[in-house]
Colleague: 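Quick one: structure below, then a few questions.
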Amino acid sequence: MGLNSNGQVLPPGTGNRNTGSASDGSHVTSRYYILFKGEFFTPEYAISPAENSFVEPYVASTGPSVKSVEFSTYGVKNYSYAMLAFRGQTAATGNTPQPTNFMDAPRVAEWQQTLNAQAIVLSDRNTGGGSSNTTINSIHSGRQGEWSGSVLWNDNHVAFENDHYFETKYGNAPLNKPTNPALNADTLFENFNVPGVTGSVLGGNAFMVKEGNFTASGQE
């Protein structure tokens with residue numbers, strides 16, 4: 001979802017019937033649009049029962065310019081679940097998306113198949129405003145700095161978890177093992193795998209996008 005048959009991110013374009021918006025296929029809003037447009041499920045299924053007082057189902061407008069910007073991109077009012085990030089970055093600016101996804105190959109590979117029991121692809125979103133432990137929050141937790149929620153792994157099993165640290169492995173990237181969460185655990189809402197760090201592979205860990213192509217800590 002959001003990729004073509006060659007594993008490339010679908011191009012953007014207003015009124016584009018692939019993504020439905022001016023955003024490319026890596027955006028969460030575009031991926032939801034594709035799912036709704038293809039009638040894989042109805043918008044109500046994108047809402048957690050725990051959030052039915054905070055969000056409302058997406059309602060498409062009519063006409064030739066139906067686009068996913070009708071979603072509440074920054075308020076996340078139309079869906080409850082964050083999706084796995086897949087998008088490259090330029091070394092020059094650190095936050096400008098590449099037109100291709102070659103730097104995120106491990107996550108792209110996981111998004112395309114359903115075999116790996118150590119790869120997370122969907123989760124309840126982080127309702128906090130950032131990625132640090134002081135800003136992580138959850139609809140299921142009343143305490144700032146704590147997260148709990150449902151997590152979907154790439155072998156299709158779902159579990160309710162009481163923390164955001166996990167042992168994961170994406171593609172051929174190194175194992176993210178939480179022997180020391182501050183150093184080498186995989187947290188859902190922060191990209192711990194960065195260029196220049198020994199044993200680190202960009203795109204080699206869980207990094208969940210909660211709105212548009214933005215994560216809890218800002219643009220990926």
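Here the structure is a predicted model, which means the values were calculated and not measured.
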Colleague: For the OH atom of Tyr45 and the CG atom of Leu35, what is their distance to the nearest 0.5 Å?
Modeller: 14.0 Å
Colleague: Can you name the residues that form a ring pair (Phe, Tyr, Trp, His ring centres under 6.0 Å) with Phe160, not counting sequence neighbours?
Modeller: His140
Colleague: Report yes or no: do Thr168 and Asn205 form a side-chain donor-acceptor pair below 3.5 Å?
Modeller: no
Colleague: Under a 4.5 Å cut-off applied to non-hydrogen side-chain atoms, are Met83 and Tyr32 in contact?
Modeller: yes
Colleague: What do you reckon, is CD of Glu39 surrounded by more than 12 foreign heavy atoms closer than 6.0 Å?
Modeller: no
Colleague: First locate atom CG of Asn162, then atom OG of Ser138, and finally report the distance between them rounded to the nearest 0.5 Å.
Modeller: 9.5 Å
Colleague: Between Leu152 and Tyr81, is any pair of side-chain heavy atoms under 4.5 Å apart?
Modeller: no
Colleague: Return the minimal non-hydrogen interatomic distance between Val121 and Trp111, and the atom names on each side.
Modeller: O-CZ3, 3.5 Å
Colleague: So, for Gly204 and Ala173, which heavy atoms are closest and what is the spacing to 0.1 Å?
Modeller: CA-CB, 3.7 Å
Colleague: I'd like to know whether the aromatic ring centres of Phe41 and Phe36 sit less than 6.0 Å apart in this structure.
Modeller: yes
Colleague: Please find the pair of heavy atoms, one from Leu84 and one from Met208, that lie closest to each other, and give the distance.
Modeller: N-CE, 3.6 Å
Colleague: Going from CD1 on Ile120 to CD on Glu167, what distance comes out if it is rounded to the nearest 0.5 angstrom?
Modeller: 11.0 Å
